[in-house]
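Both ligands and their constituent atoms are indexed starting at 1 by order of listing.
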Amino acid sequence: MTPVLVVLNSGSSSLKFQVLEAGREPACLFKGLFEGFPVNARLTIKDPTGAVVEEARWGGGVKFGHENALMHLVSWLRAHQEGRVLRAIGHRVVHGGEAYGGPVLVDDDVLRELDKLSPLAPLHQPHNLEPIRIVRRRLPDMPQVACFDTAFHRTQPEIATMFALPRDIRERGVRRFGFHGLSYEYIASGLRALHPRLADGKVIVAHLGNGASLCALKAGVSVATTMGFSALDGLPMGTRCGAIDPGAIFYMLREMKLKPEEAERILYNKSGLLGVSGLSNDMRTLRASAAGNAQARCAIDLFVYRIVREAGSLISALGGLDGFVFTGGIGENDPATRAETTAGMSWIGMRLDEAANRAGRPLISSGDGPTILVMPTNEESIIAQQTLSALQTAT
Ligand code: ADP
């Protein structure tokens, strides 16, 4: 029997998954998405070529949530096993806190520790942990590994993790962590394989998706990143505000009389590209509307302006720049964002090869300034690799 892994990325109303063959370079067999929990749930499963192999809907007032989805997935896998056996489940977990600097095999003690981190990432952590709890209850013998978005940033020098707050506040956990680490780890290992000279140098990786951040890599390890204590900091995102003066939040609470939950909802769910454009959090929609819609144009301009400013700060932290990598849904697919960003960074000698950029080639720089690359990310592949290595360590 060939062992396979399931990798889960669980959100409040969705469950993304991949089924991978458990090898040194885990190969994707299926990828799928349950969305629309709890009253309008639907499922799509595709094979690696993108062909749809399964579709289902649960409408008509039927409640369908994470537990139903997981059990449906397990029976679907049994029906499509063809000589394969499910060996373990790997989970994307946004926060590993100070305790977890790498993947960990989950038991009740680990789950309790991860639960304690939920207040640090209230919109992600509880949803990431829910499937772990369900699997422990329904499939108690199934090994489960938690893989963290924070772990890759453990290499940051202490000064990069500090806020200028009193020591006792830091000792209670208020510090910069950084996120999107699974994506950065994938890109760092891809750089090592494809561009070893660059991998040894000073590189900024721009993970630009619905969530967005930049990471400064020196010789392949994270030395600074734009997200901090929470996944709100740094760049504006699809619906998140990015860096904001904390004084503005006090003003919203005290003078505008917003409740903390209302302010939190605004900053996480109603800001960013959506808030500024008043139209959409989706870059494709904004690009399609920008010519005739000043607010859509403004949202894009602010997004690019903030990337360029934050990149400048990371270049200072690195002491120079050898390469810049675009990844994530926008970074991989939107040549206009790449062109506007690199134009804003021309001061450091960055030159875009316009034709290569439009054609979506992997190498899009010209001249002898920093190398500019487009690299598709693959967080699931890293989760699968980490899951296997945690299993090996445990046995
Ligand atoms: P997540 O952070 O949820 O994984 P993704 O990495 O899938 O998100 O990125 C989603 C973003 O990528 C959306 O803003 C979407 O509009 C953008 N995107 C995807 N394809 C394109 C495209 N062809 N052109 C411009 N933007 C795109």
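Neither the backbone nor the side chain of L208 has any atom closer than 4.0 Å to an atom of ligand 1 (non-hydrogen atoms only).
Distance alone, capped at 3.5 Å, is enough to place a donor-acceptor pair between the T155 side chain and the S222 backbone. Side chain of D322 to backbone of V203: no donor-acceptor contact under 3.5 angstrom is found. Within the 3.5 Å criterion, the main-chain N or O of N357 finds a donor-acceptor partner in the side chain of R338. Under a 3.5 Å cut-off, the side chain of E379 and the backbone N or O of G181 do not form any donor-acceptor pair.
Within the 4.0 Å heavy-atom cutoff, G238 does not count among the residues contacting ligand 1. A heavy-atom separation below 4.0 Å is not found between T337 and ligand 1.
Among all protein heavy atoms, the one lying closest to atom 21 (C) of ligand 1 is N333 CB, 3.4 Å. For atom 25 (C) of ligand 1, the closest heavy atom belonging to the protein is D334 CB, 3.5 Å. Protein heavy atom nearest atom 10 (C) of ligand 1, with residue, atom name and distance: N210 N, 3.8 Å. With hydrogens left out, the protein atom closest to atom 7 (O) of ligand 1 is G329 CA, 4.2 Å, a heavy atom. Of all protein heavy atoms, the one closest to atom 17 (C) of ligand 1 is I330 CG1, 3.6 Å. Looking only at protein heavy atoms, the nearest one to atom 15 (C) of ligand 1 is D282 OD1, 3.6 Å. Nearest to atom 4 (O) of ligand 1 among the protein's heavy atoms is K16 NZ, 3.9 Å.
Annotation for Y268 and T239: closest pair O-OG1, 2.7 Å, computed over non-hydrogen atoms.
Scanning H207, M283, R284 for the heavy atom closest to atom 14 (O) of ligand 1 points to M283.
Annotation for ligand 1: atoms under 4.0 Å from non-hydrogen atoms of N281 are 14 (O). In summary, the atoms of ligand 1 found under 4.0 Å from a heavy atom of G211, numbered by their order in the structure, are 2 (O).
Using a 4.0 Å cut-off between charged side-chain N and carboxylate O, R170 and E98 make no salt bridge. Salt bridge annotation for D47-K31: absent, with no cationic side-chain nitrogen under 4.0 angstrom from a carboxylate oxygen.
A single hydrophobic cluster is not seen to contain both M345 and L217; linkage of ILVMFWY side chains at heavy-atom distances under 4.5 Å, directly or through other members, places them apart.
Counted within 6.0 Å of CZ on R287, heavy atoms from surrounding residues, nucleotides or ligands total more than 12; the atom is thus considered enclosed.
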